[in-house]
Amino acid sequence: MTETAPPLRASQIPPQDQPVPPGYAAGAPAPWWLKLAVKLALGALPVPARAWRALGLRRHSFAALDPGRLVAPLQWRMDRFRTLSGRAPRSVLEVGPGSMVLRAPIAAALGLGPIWYLDVEDAAPQDLAPYRAAAEAARQAGLTPPDLSACRNRAEVLAACGARLLVGGPEALAAVPAGSVDLAFSEVALEHVRRDALAPLLAALRRVTAPGGLGLHAVDFHDHLGGGLRHLSFGPRFWEGPAVARAGLYCNQLGLSEFLAAFAAAGFAARASHRLVWELPPVPPGGVHPALGRAPEDDRICHAALEVTPA
């Protein structure tokens, strides 16, 4: 008699791997060292972040009103939640949304609520036009967004959508009731969380996640100046310092295995569902800085999509 193998747990399902496309995230066609020097020099100037964004620099969300970034990504996340849980999500939390707070009318039109956003600074549009454009995108998709015609400012728009923007670190999630969030997600935001803030953030996410909740997090592991791994040549003494932060270059230099371990330590079961991988890791000249203590297999991973559930 043949024994039936036990079903795989989610953490045992291998990820779907794809090769990194040529030139992926290469950035401006300039020498890497020049881009680094320019970023550091600009960061040293006494210019507030909002002023840089007004000039089109250091933006958190590029092409925020690209039609492909509006209805479909939120719908996909809802569908993934429904596939795994058998029901539709209600409450949602986006971590590090930047300008994508403008999708609040779409989230409301999809039946989500309450809607929470958490970011370390207020980078969401103050002008009402992007929110109205997002509401129109929802209507074009056959949805019924909230009526924003009487809204006079952003606060009234968010209130009409049942949405709230929390500005600050992990402590800002104290405003979210425990066990109340069905769906939490982030788009290439967690790699920008400082190393010493990651564990508190994940602990706060675990507190607010509902039983049966789901986290969907896309994480970039590549250098954000050139698409390779040049940022791994720097040790924490420099990379964790103020110059890199002021320049808007900061990534926490953690690998996929370290992220999965951090989620586990916070009380989640986490797996990578999809990965972009290099056949040959583009390690920097001289290798990865030894103080980082990275697992060599992490240097193959350019990007990963994580699925996270309460353990």
Side-chain angles (χ1 to χ4, degrees), residues 24-28 30-49 52-53 57-60 95-96 98 118-121 123 168-172 186 188-205 217-266 278 280-304 306:
Y24 182 80
W32 186 89
W33 61 266
L34 178 60
K35 289 189 281 187
L36 175 65
V38 169
K39 286 276 191 176
L40 291 173
L42 291 177
L45 299 175
V47 178
W52 286 126
R53 289 195 296 271
L57 301 172
R58 294 182 60 175
R59 289 176 292 167
H60 291 286
V95 178
L118 172 69
D119 216 330
V120 293
E121 62 179 353
E171 70 285 349
S186 64
V188 293
L190 295 185
E191 68 268 26
H192 298 293
V193 176
R194 298 194 71 85
R195 281 178 169 245
D196 58 0
L198 184 62
L201 173 62
L202 299 187
L205 286 177
H217 302 283
V219 184
D220 276 338
F221 300 100
H222 58 73
D223 168 57
H224 283 48
L225 277 178
L229 294 174
R230 292 289 298 267
H231 66 307
L232 299 183
S233 63
F234 297 95
R237 178 172 296 183
F238 168 72
W239 200 255
E240 296 289 324
V244 171
R246 287 195 304 263
L249 292 173
Y250 183 80
C251 295
N252 53 38
Q253 299 178 299
L254 297 174
L256 174 58
S257 66
E258 293 169 292
F259 265 99
L260 295 177
F263 274 108
W278 287 291
L280 295 175
V283 294
V288 174
H289 197 285
L292 297 179
R294 283 171 57 99
E297 60 267 24
D298 281 347
D299 296 340
R300 295 183 57 243
I301 311 302
C302 174
H303 173 91
L306 308 183

Gly228 versus Trp278, closest heavy-atom pair with distance
O-CH2, 4.1 Å

Shortest non-hydrogen pair, Leu256 vs Ala304, comes out as CD1-CB, 4.1 Å

Donor-acceptor under 3.5 Å (Arg194 side chain, Glu240 main chain)
yes

Chi angles and distances behind the side-chain contact (heavy atoms from CB on, under 4.5 Å) call for Leu232, Asp299
CA-CA 10 Å; Leu232 299 183; Asp299 296 340; 3.9 Å; yes

Donor-acceptor pair, Lys35 side chain versus Ala28 backbone, under 3.5 Å?
yes

The reported gap from CZ in Phe259 to CD1 in Ile301 (rounded to nearest 0.5 angstrom) is 13.0 Å

Residue set satisfying ring-ring contact (aromatic ring centres under 6.0 Å, His included) with Phe263, at least two apart, ordered chain then number -> His217, Phe268

Residues at least two apart in sequence or cross-chain that pass side-chain contact (heavy atoms from CB on, under 4.5 Å) with Ala291, listed by chain then number, are Pro236, His289

Write down the atom of Ser257, the atom of Ala295, and the distance for their closest heavy-atom approach.
OG-CB, 4.1 Å

Looking at CH2 of Trp239 and CG of Leu292, how far apart are the two atoms once the value is rounded to the nearest 0.5 Å?
10.5 Å

The side-chain hydrogen bond (donor to acceptor under 3.5 Å, both in side chains) partners of Asn252 (sequence neighbours excluded) come to none

Approximate separation, where rounding is to 0.5 Å, of Asp196 CG and Leu201 CG:
11.5 Å

Please name the pair of heavy atoms, one in Arg294 and one in Glu258, separated by the smallest distance, quoted to 0.1 Å.
CG-OE1, 4.0 Å

If you take all heavy atoms of Val95 and Leu205, which pair is closest and at what distance?
CG2-CD2, 4.0 Å

dist Arg300:CZ -> Leu229:CG (nearest 0.5 Å) comes out at 12.0 Å

Nearest-0.5 Å distance, CZ of residue Arg246 to CG of residue Leu42:
12.0 Å

Taking ring-ring contact (aromatic ring centres under 6.0 Å, His included) as the test, write out the residues that go with His224, two or more places apart.
His192, His222

Looking at residues at least two apart in the chain, or sitting in another chain, which of them share a side-chain contact (heavy atoms from CB on, under 4.5 Å) with Ala172?
Leu118, Leu166

Not counting sequence neighbours, which residues clear side-chain hydrogen bond (donor to acceptor under 3.5 Å, both in side chains) with Ser233? List them please.
none

I need the His231 NE2 to Phe221 CZ distance, nearest 0.5 Å.
10.0 Å

Hey, mind stepping through Val193 and Val120 against side-chain contact (heavy atoms from CB on, under 4.5 Å) and telling me if it holds?
CA-CA 9 Å; Val193 176; Val120 293; over 6 Å; no

Per side chain to side chain contact (heavy atoms under 4.5 Å, CB included), Phe234 is matched among Val244, Leu36, Val288 by Leu36

Grab the two heavy atoms, one from Ser186 and one from Ala189, that are nearest each other, plus how far apart they are.
CB-CB, 4.2 Å

